[in-house]
Amino acid sequence: MLFVPVTLCMVVVVATIKSVSFYTEKNGQQLIYTPFTEDTDTVGERLLNSVLNTIIMISVIVVMTIFLVVLYKYRCYKFIHGWLILSSLMMLFWFSFMYLGEVFKTYNLAMDYPTVAMIIWNFGVVGMICIHWKGPLQLQQAYLIAISALMALVFIKYLPEWSAWVILGAISVYDLVAVLCPKGPLRMLVETAQERNEPIFPALIYSSAMIWMVGMANPARHAEPTNQDTGTFCLISAYNPLALTMLRGVKLGLGDFIFYSVLVGKAAATGGDWNTTLACFVAILIGLCLTLLLLAIFKKALPALPISITFGLVFYFSTDNLVRPFMDNLAAHQFYI
Amino acid sequence: MNLERLPNEEKLTLCRKYYFGGFAFLPFLWLVNVVWFFKEAFVEPTYTEQLQIKTYVKRSGLGFLLWVAVLTTWITIFQHFRAEWGEVGDYLSFTIPLGIP
């Protein structure tokens, strides 16, 4: 049940990457979270810079996560609500505006400001209503997928090459730690929410069933819906995601969507050909399968990133470096197996 | 949000809020109102609030169609006459295609 939305998100990201060149153009601009450049003279320096970038990025995430847990513990709900609303506003209006502009430029279409204003205004406001208030479930799911795709595209554009891969690896490790260790911030978040028996705050969760209020936090995200009557199984991911298997459906945090899509998107952008992209896609779905299996066995909060990302990374590097030259050689020599 | 689990008065309030919200230049909201409450208004067996929900859905539908007509007209005019309008056309343009006048 989670395969369709995850696949959709990845399809949107890959389709955009392959058609709109804006998201693969590097113009030297980087996020402030990754200040070290990868335009260095030696391989060693580049590796060092990407590791440093990762350390900075992960520390930012850790700090944000802890900050959020502290806010939650001391019941500063208004602050959290405000933060979430602000970030979803930015996503729904600014990033989609940029995206629309780039799509029009790619297909060389003329568009006027009044029409664009109407489109973005409608898209944004209905999105805010569906995510933060009440709206039809399918529309809410569609908006969450759209937001995840937009965020993944931003990451793909602004994270330098090697840093992106190292960050993916590091965040899976952090995820594992934050969710499973007794003092991990996300674990504490879940436990506090369960003690208080309340839905924490509008968070970033995709649910295949309904009821939960979902919203968004950026960059630290937390998903945490607690249903008074059921479910205590969760899949949590460091960067926010939390999936709950309730009697009715499964929930997966949006951070998970984002990082899966970043992996597949980067594979599509830099990986050579479709073999690599497909391999990563399959790897992530297999990882998700296994994670859900583990969830059914252990019945507690689990990190959703590690298994899928590990498989994805392994498949990416092996396909790119082993399978692709092999297939190219076979094709060149007209040798069919 | 599952409509089935809501009591009828809340369905009516929700439909009404969506209807009034659409007046803020939000034809999409009206479309969502129509699609979401269509079954409630026309397919479900009658209940007290259903008549009002029906009116809201019908009006939202009309409003949406009106907006579609307006926007289609404006877009057609703009796309056709953009080049001829010169400066005004450029001022109004968000993206200008390359290679075509």
Side-chain angles (χ1 to χ4, degrees), chain A residues 20 22 92 96-144 146 202 207-215 225 227-229 246 248-249, chain B residues 1-6 10-11 13-18 20-40 60 63-64 67-68 70-85 88-101:
Chain A
V20 180
F22 172 74
L92 282 171
S96 45
F97 177 70
M98 264 176 53
Y99 180 79
L100 206 62
E102 290 310 318
V103 168
F104 284 139
K105 282 184 206 160
T106 307
Y107 292 105
N108 214 21
L109 295 168
M111 188 46 68
D112 54 304
Y113 278 117
T115 316
V116 164
M118 272 301 281
I119 297 176
I120 299 290
W121 172 242
N122 274 271
F123 182 73
V125 171
V126 178
M128 291 297 285
I129 292 177
C130 281
I131 296 175
H132 291 277
W133 192 54
K134 302 176 199 163
L137 180 68
Q138 284 93 341
L139 198 61
Q140 190 182 65
Q141 294 172 328
Y143 267 107
L144 292 175
S207 61
S208 56
M210 34 261 155
I211 304 171
W212 279 264
M213 292 258 288
V214 288
N227 192 354
Q228 269 87 341
D229 32 333
M246 312 300 274
R248 265 156 286 184
Chain B
M1 175 103 281
N2 195 359
L3 276 186
E4 287 150 15
R5 304 158 132 258
L6 285 181
E10 283 187 33
K11 281 187 216 170
T13 342
L14 201 58
C15 193
R16 184 184 295 136
K17 285 192 181 154
Y18 266 66
F20 284 123
F23 281 107
F25 291 86
L26 291 170
F28 190 33
L29 199 61
W30 275 335
L31 180 66
V32 171
N33 202 11
V34 168
V35 171
W36 199 17
F37 282 97
F38 189 78
K39 237 177 90 181
E40 285 297 321
S60 302
F64 173 69
W67 266 109
V68 166
V70 167
L71 278 174
T72 323
T73 327
W74 164 247
I75 291 176
T76 328
I77 295 179
F78 179 76
Q79 295 287 342
H80 206 245
F81 292 112
R82 183 186 53 84
E84 294 163 21
W85 282 346
V88 177
D90 283 351
Y91 177 66
L92 280 175
S93 295
F94 170 49
T95 47
I96 304 178
L98 307 165
I100 312 170

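Letters A, B, ... mirror the listed sequences (proteins, then strands); counts begin at 1. No experiment lies behind these values; they were computed from the predicted model shown.
Across A/Gly135 and B/Tyr18, no two heavy atoms sit closer than the pair CA-OH, 3.4 Å. Shown here for A/Ala110 and B/Arg82, the closest heavy-atom pair between the two residues is CB-NE, 3.4 Å. Here the closest non-hydrogen pair linking B/Pro97 and A/Asn108 is CA-OD1, 3.2 Å. A pairwise comparison of heavy atoms in A/Asn122 and B/Leu29 identifies OD1-N, 4.3 Å as the closest pair.
For the salt bridge (charged side-chain N to carboxylate O under 4.0 Å, His left out) condition, the pairs that include at least one residue of residues 96-111 of chain A, sequence neighbours left out, are A/Glu102-A/Lys105.
Interatomic distance, B/Leu6 CG to A/Lys134 NZ, rounded to the nearest 0.5 Å: 7.0 Å. One distance of note links CG of B/Leu26 with CD1 of A/Ile129; it measures 6.5 Å at 0.5 Å rounding.
Contacts of B/Phe25 with chain A are made by both backbone and side-chain atoms, with heavy-atom separations under 4.5 Å. Residue A/Leu139 touches chain B through its side chain alone, counting heavy-atom pairs closer than 4.5 Å.
Between B/Phe28 and A/Tyr143, the two ring planes are tilted [angle within 30° to 60°].
For A/Thr115, the side chain to side chain donor-acceptor pair (under 3.5 Å) partners are A/Asp112, B/Trp74, not counting sequence neighbours.
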